[in-house]
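Remarks on the structure that follows.
Sequence positions, counted from 1, serve as the residue numbers for this chain.
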Amino acid sequence: MTYDARVRVTTARRGTAWRALRSPGIALDLGSARTRIWTRGGPGAHTVLDVPTVSFGPAGDTGVLRPVARGAVVDPEGAARLLTRLLAPRVPRYARPVIVCATPVPGGPEHRAALAAALAGLRPRTVLAIDAVRALALAAGADLSRPLLVVDLGAQLTEVALLHGGVVTAARRIERGTADLGTADLGAGDDGGLTAGRLAARVGEAVADLLRDEPGHRAAEALGRGPLLGGGGALRAELVYRLARQLDTSVHPVPRPHTAAVRGAGEVLLSARRHPALAAPVTPVHPT
């Protein structure tokens, strides 16, 4: 490579890094019940916006819509109206933000496509997805060099995941029949209602599946450490107590568990903005 070519490549790389640093940064947790948005303020400061995940129809339609159900975007247009209303005032005109989203582990291509459609109106430079359970671990400052169990107790979705080396190696969703379960289902049902004890028992069954299916002793080691608990359910004392009894181990609610996933996504955002090459471990949702 000639000297001039090396200069052009170096300049292009510096230009890419500079654009990433200059782009507004947003971390997002688009939940079934609540939407959390992390934005950076002054040096070392940030703010978290926490609002209900509700939208409204087109002009003249006063009906309330819920664009996310059981962790999946079911109404991309409604989600777009919600996110535009919340985020447009936080994005300077003509800016193209970098967005990191905390998403369920088994989100899949359809979920990511719907999420990309909901964010398209903001003209993002890049949208990256990080598993919410991994974001919880980052927010807690957990030691990711050792196997770790994470339980995300959401309103309409409960996930149990095993992390090894900071990567999700196995995960389970808590279901009743074909429907996902979350803390919003407590007290609901024709069989006397879902109780904290029953939900804890389902989590215990999911952990037992991981112990049977995961090779080696990683799941057992992670269980011995005690799982991290995130999501709004980690604020429910009875549920935390029942989980500890069910799993026969200590459990560790992360600090401010209801906003931990978006704060962990914010950590990824800061790393990606400081060193754009570090964005590789998370999944692109929208082309740059």
**Study point:** Trace of the side-chain contact (heavy atoms from CB on, under 4.5 Å) decision for L243 with V203
**Key:** CA-CA 8 Å; L243 278 172; V203 172; 3.7 Å; yes
**Q.** Test log, rule side-chain contact (heavy atoms from CB on, under 4.5 Å), inputs L28 and L119
**A.** CA-CA 11 Å; L28 173 66; L119 291 167; 4.1 Å; yes
| field | V168/L162 under side-chain contact (heavy atoms from CB on, under 4.5 Å): CA gap, chis, key distance, verdict | value | CA-CA 6 Å; V168 177; L162 176 65; over 6 Å; no
Go through the steps to decide whether T126 and L128 satisfy the test side-chain contact (heavy atoms from CB on, under 4.5 Å), and finish with yes or no.
-> CA-CA 6 Å; T126 302; L128 303 171; 3.7 Å; yes
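A 4.5 Å side-chain heavy-atom check between V48 and T39 finds every atom pair outside the cut-off. Put simply, the side chain of L228 does not reach to within 4.5 Å of the side chain of L136, judged on heavy atoms. Between C101 and L115, some side-chain heavy-atom pair lies under the 4.5 Å cut-off. Contact of the P124 side chain with the V98 side chain is not registered, since no non-hydrogen atoms from C-beta on lie closer than 4.5 Å. Using a 4.5 Å cut-off on side-chain heavy atoms (C-beta onward), P104 and L157 make contact. The closest side-chain heavy-atom distance from V105 to R173 is not below 4.5 Å. In this structure the side chain of V150 never reaches within 4.5 angstrom of the side chain of R134, judged on heavy atoms. Using a 4.5 Å heavy-atom threshold, the side chains of E175 and L181 count as separate.
L235 and V251 fall into different hydrophobic clusters, where Ile, Leu, Val, Met, Phe, Trp and Tyr residues are linked whenever their side-chain heavy atoms come under 4.5 Å apart, directly or through other members. L30 and V74 are members of different hydrophobic clusters when ILVMFWY side chains are connected at heavy-atom separations under 4.5 Å. Connection of V133 to V167 is not established within any shared hydrophobic cluster, with ILVMFWY side chains joined at heavy-atom distances below 4.5 Å, either directly or through further cluster members.
For E77, the CD atom sits in a loose shell: 12 or fewer heavy atoms of surrounding residues, nucleotides or ligands are nearer than 6.0 Å. R85 CZ: more than 12 foreign heavy atoms inside a 6.0 Å radius.
Taking CD of Q156 as the start and CZ of R66 as the end, the distance is 8.0 Å to the nearest 0.5 Å. I99 contributes atom CD1, which lies 12.0 Å from atom CZ of R125 (distance to the nearest 0.5 angstrom). To the nearest 0.5 angstrom, R242 atom CZ is 11.5 Å from R198 atom CZ. The CG atom of L148 sits 8.5 Å away from atom CG of D143, with the distance rounded to the nearest 0.5 Å. Atom NE2 of H252 and atom CG of L149 lie 10.5 Å apart (nearest 0.5 Å). The structure places CD of E238 at 10.5 Å from CG of L199, a figure rounded to the nearest 0.5 Å.
Under the 3.5 Å distance criterion, the side-chain polar atoms of R245 are left unmatched by any main-chain donor or acceptor of Y241. For the pair S32 (side chain) and A69 (backbone), a donor-acceptor distance under 3.5 Å is absent. Judged purely by atom type and a 3.5 angstrom limit, R36 has no side-chain atom pairing as donor or acceptor with the backbone of A261.
For L229 against P257, the heavy-atom pair with the smallest separation is O-CB, 4.2 Å. The heavy-atom pair separating G78 from S55 by the smallest distance is O-OG, 2.9 Å. For the pair R263 and A139, the tightest heavy-atom approach, listed with the atom from each and the gap, is NH1-CB, 4.1 Å. Between L194 and G182, the closest heavy-atom pair is CD2-O, 4.2 Å. The minimum heavy-atom distance between I26 and L269, with the atom names listed, is N-CD2, 3.3 Å. Listed here is the closest heavy atom pair of S250 and P227: O-CD, 3.5 Å.
Test D50, T53, D29 against R34 for side chain to side chain donor-acceptor pair (under 3.5 Å) and you get one pass: D50.
R225 and E221 are not joined by a salt bridge, as no carboxylate oxygen comes within less than 4.0 angstrom of a charged side-chain nitrogen. Between D213 and R172 there is a salt bridge, with a side-chain nitrogen of the basic residue lying less than 4.0 Å from a carboxylate oxygen of the acidic one.
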